[in-house]
S.K.: 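Questions regarding the structure given below will be posed in turn.
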Amino acid sequence: MITKVFMPKLSDAMETGKVIKWLKKEGDPVKGGDLLVEVETDKANVEIEAFGAGILRKIVVGEGGTVPVGEMIGVIADPTEDISSMAAAKPATPAPAAKPAPAPAAASGPVPAMESYQSVPATTAVVPLAPAAAAAQAPAVAASAPGGDRVKASPLARKIAGQTGVDLQLIQGTGPGGRIIRRDVEAAQAAPRPAAVPTGTPQPAGAPRPTAVPARPQFVIPARPEAEFEDVAMSPMRAAIAKRMPMSKAPVPHFYVTSEVAMDEAWALREQLNALDGQPKISVTDMVIKAVALALIKNPGINAQLNGQAIRVHHRAHIGIAVALDQGLITPVLRDCDVKPLARIAVESRDLAERARGGKLRAQEMSGATFSISNLGMYDVEEFSAIINPPEGAILAVGSVLQKPVVEDGELRVGRRMKMTISCDHRVMDGAMGARFLQDVKRLLEEPLRLLV
């Protein structure tokens with residue numbers, strides 16, 4: 001039996017895939033379920049399992065080759081079967097490196113792969129701050145006409161200035177177009193002016209000598225030969241995020257509901273569980289995952305998504321867990337969280353996050369979430385709103401567990417509080433549904449023993 005190996009579609013946004021490494025060589029025996037090839041998607045590197053048994057007779061797309069989703073990349077068949085028609089298929093060659101755009105005719109030399117820019121001429125210094133005497137003459141520039149030294153002043157202002165000895169060059173005009181008017185001259189006349197001390201005038205005995213004001217040092221900008229900015233090419237993951245986010249935020253009408261949870265009991269239970277020898281460490285995220293999964297089963301309208309002209313309601317809780325990477329964000333899926341015990345969720349969620357950071361997720365872990373959780377509490381974020389990950393209908397944003405003053409039974413004490421915000425697709429659900437869901441999540445976290453039964 002001949003089995004064609006195709007480039008799989010591992011996410012809704014995936015259009016092409018790149019063969020990173022063949023885990024079997026041509027001529028190697030293959031069984032169903034064997035890891036066959038490692039593929040780079042827009043989110044991660046994924047090891048693909050074989051769906052047929054036989055011999056890997058032909059590798060159509062070599063390592064480094066990029067092909068569209070659904071295109072054949074290999075052939076598995078028995079040794080006696082004729083695959084000549086398939087083997088004749090033109091193998092994909094590795095994607096060529098991006099070449100710089102051809103230079104325009106006026107330019108000489110090749111265009112660099114990455115352009116950088118620098119100010120020309122480069123600025124290395126600024127005009128030093130002028131002393132007070134020079135600064136006092138600055139208004140004269142504004143009062144002077146652009147074409148010469150004539151001062152713009154009204155006839156009355158000139159007359160008064162001539163009678164009182166006021167220098168119009170030292171006055172900033174407040175009239176139309178910076179013109180000096182009567183009140184400007186009168187204000188300058190009334191302003192106190194320091195009395196000049198004649199040179200050579202003897203100072204009285206015992207009189208304090210004026211202290212010399214040190215000149216303000218000139219500020220010189222150091223030489224900065226580096227480029228002012230650079231354009232960095234987006235990684236495949238960042239390009240996928242840039243493409244998908246407008247698909248979610250723009251067409252999907254979001255609404256948000258926020259609630260604050262008393263985490264005192266959950267925090268105490270977590271510390272007790274983590275003190276047990278031989279047991280996995282429980283995180284706040286693990287407890288939130290379990291609470292959300294149970295609340296989704298009770299509120300199936302939240303565990304839903306738009307599917308054409310229908311609303312698809314899920315009856316199992318597959319939770320997508322947002323994991324931050326250097327090159328972007330990925331959301332691996334933890335399945336059947338409503339029936340898994342808390343300790344199992346802790347083990348699997350930690351394993352998922354570690355393999356996501358190492359680019360070692362399996363194909364079935366890349367898609368299929370019915371609801372997602374994004375926790376930024378470890379970054380000291382009190383609250384935030386997340387963007388829905390299509391085609392899901394909602395996502396929960398979780399903040400830090402903070403100690404703050406709380407009032408209970410008329411008494412002030414210190415309590416642990418955590419804020420969470422659900423973002424909902426208004427086409428699928430309404431505000432009251434989101435509020436009831438948050439109430440159930442809050443009750444489960446405030447009575448955390450319910451997470452263990």
Side-chain angles (χ1 to χ4, degrees), residues 8-17 40-44 68-70 229 231-259 288 292 296 299-314 317-333 356 361 365-377 379 381-399 419-438 441:
K9 186 178 180 65
L10 300 174
S11 68
D12 295 330
M14 182 176 173
E15 297 178 353
T16 62
E40 180 185 65
T41 73
D42 54 0
K43 288 284 188 177
V69 167
F229 63 86
D231 295 330
V232 180
M234 287 194 293
S235 65
M237 181 180 296
R238 178 55 60 188
I241 293 172
K243 180 179 179 180
R244 283 178 62 81
M245 284 303 98
M247 295 169 56
S248 174
K249 188 63 174 176
V252 177
H254 287 55
F255 74 87
Y256 310 93
V257 182
T258 301
S259 182
V288 172
V292 164
L296 286 174
N299 299 267
I302 302 296
N303 201 28
Q305 65 188 53
L306 193 67
N307 185 38
Q309 297 301 314
I311 295 177
R312 176 171 294 174
V313 179
H314 299 278
H318 303 324
I319 307 298
I321 307 169
V323 178
L325 308 178
D326 291 339
Q327 61 269 39
L329 185 72
I330 191 170
T331 311
V333 183
L361 290 173
E365 297 166 340
M366 296 285 293
S367 60
T370 63
F371 187 93
S372 290
I373 296 173
S374 179
N375 188 350
L376 292 180
Y379 298 104
V381 174
E382 183 173 2
E383 65 175 311
F384 69 103
S385 300
I387 298 176
I388 297 172
N389 187 23
E392 299 162 31
I395 185 172
L396 186 69
V398 182
K419 289 185 178 181
M420 53 186 184
T421 299
I422 184 171
S423 306
C424 302
D425 184 348
H426 217 327
R427 301 171 301 177
V428 179
M429 60 199 75
D430 298 319
M433 298 168 64
R436 286 193 295 268
F437 169 78
L438 278 190
V441 175

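Just so you know, these numbers come straight off a predicted model, no measurement behind them.
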S.K.: Grab the two heavy atoms, one from P390 and one from I388, that are nearest each other, plus how far apart they are.
M.R.: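 Nearest heavy atoms, P390 then I388: CD-O, 3.2 Å.
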S.K.: Identify the heavy atoms of L438 and L396 that sit nearest to each other, and give their distance.
M.R.: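 In this case the closest contact between L438 and L396 is CD2-CD1, 3.8 Å.
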S.K.: Nearest 0.5 Å, please: how far is OG in S372 from CD1 in I387?
M.R.: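 Atom-to-atom, I387:CD1 and S372:OG are 12.5 Å apart.
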S.K.: If you compare all heavy atoms of A304 against all heavy atoms of V428, which two are closest, and at what distance to 0.1 Å?
M.R.: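 Nearest heavy atoms, A304 then V428: CB-CG1, 3.9 Å.
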S.K.: Go through the structure and list residues passing salt bridge (charged side-chain N to carboxylate O under 4.0 Å, His left out) with R427, not counting sequence neighbours.
M.R.: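 Once residues adjacent in sequence are excluded, the partners of R427 under the salt bridge (charged side-chain N to carboxylate O under 4.0 Å, His left out) criterion are D425.
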S.K.: To the nearest 0.5 Å, what is the distance between CD1 on I319 and OG1 on T370?
M.R.: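 Answer rounded to 0.5 Å: 5.0 Å.
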S.K.: Roughly how far apart are H254 NE2 and I422 CD1, rounded to 0.5 Å?
M.R.: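 Going from NE2 on H254 over to CD1 on I422, the span is 11.0 Å.
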S.K.: Are F437 and F371 near enough that their ring centres are under 6.0 Å apart?
M.R.: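 Yes, they do, as the ring centres are separated by less than 6.0 Å.
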S.K.: Do S423 side-chain atoms and A386 backbone N/O form a donor-acceptor pair below 3.5 Å?
M.R.: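 A pair under 3.5 Å: yes.
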S.K.: Strictly by salt bridge (charged side-chain N to carboxylate O under 4.0 Å, His left out), give each pair with a member in residues 383-398 just once, sequence neighbours left out.
M.R.: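 Matches after skipping sequence neighbours: E383-K419.
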S.K.: Return the minimal non-hydrogen interatomic distance between V398 and N375, and the atom names on each side.
M.R.: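 Answer, listing the atom of V398 first, then N375: O-OD1, 3.2 Å.
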S.K.: For a quick test of reading the model, state the closest non-hydrogen atom pair linking P332 to A356 and the distance between them.
M.R.: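 The answer is CG-CB, 4.3 Å.
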S.K.: At what distance, to the nearest 0.5 angstrom, does CD1 of I311 lie from CG of L306?
M.R.: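 So the CD1 of I311 and the CG of L306 are separated by 6.5 Å.
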S.K.: Which pair of non-hydrogen atoms, one from V323 and one from L329, has the smallest distance, and what is that distance?
M.R.: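 Shortest heavy-atom contact: O-CD1, 3.3 Å.
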S.K.: Could you state the interatomic distance from CD (Q305) to CE (M429), rounded to the nearest 0.5 Å?
M.R.: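 Reported value, rounded in 0.5 Å steps: 9.5 Å.
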S.K.: Could you walk me through whether N299 and M433 pass side chain to side chain contact (heavy atoms under 4.5 Å, CB included), step by step?
M.R.: CA-CA 8 Å; N299 299 267; M433 298 168 64; over 6 Å; no
S.K.: Under the ring pair (Phe, Tyr, Trp, His ring centres under 6.0 Å) test, which residues partner H426, sequence neighbours left out?
M.R.: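 If we apply the ring pair (Phe, Tyr, Trp, His ring centres under 6.0 Å) test to H426, skipping adjacent residues, the hits are F255.
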S.K.: State, with a plain yes or no, whether a side-chain heavy atom of L361 is found less than 4.5 Å away from one of I330.
M.R.: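 Touching, per the 4.5 Å side-chain cut-off.
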S.K.: Do side-chain atoms of D430 reach the backbone of A432 as a donor and acceptor pair under 3.5 angstrom?
M.R.: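 Such a contact is absent between D430 side chain and A432 backbone.
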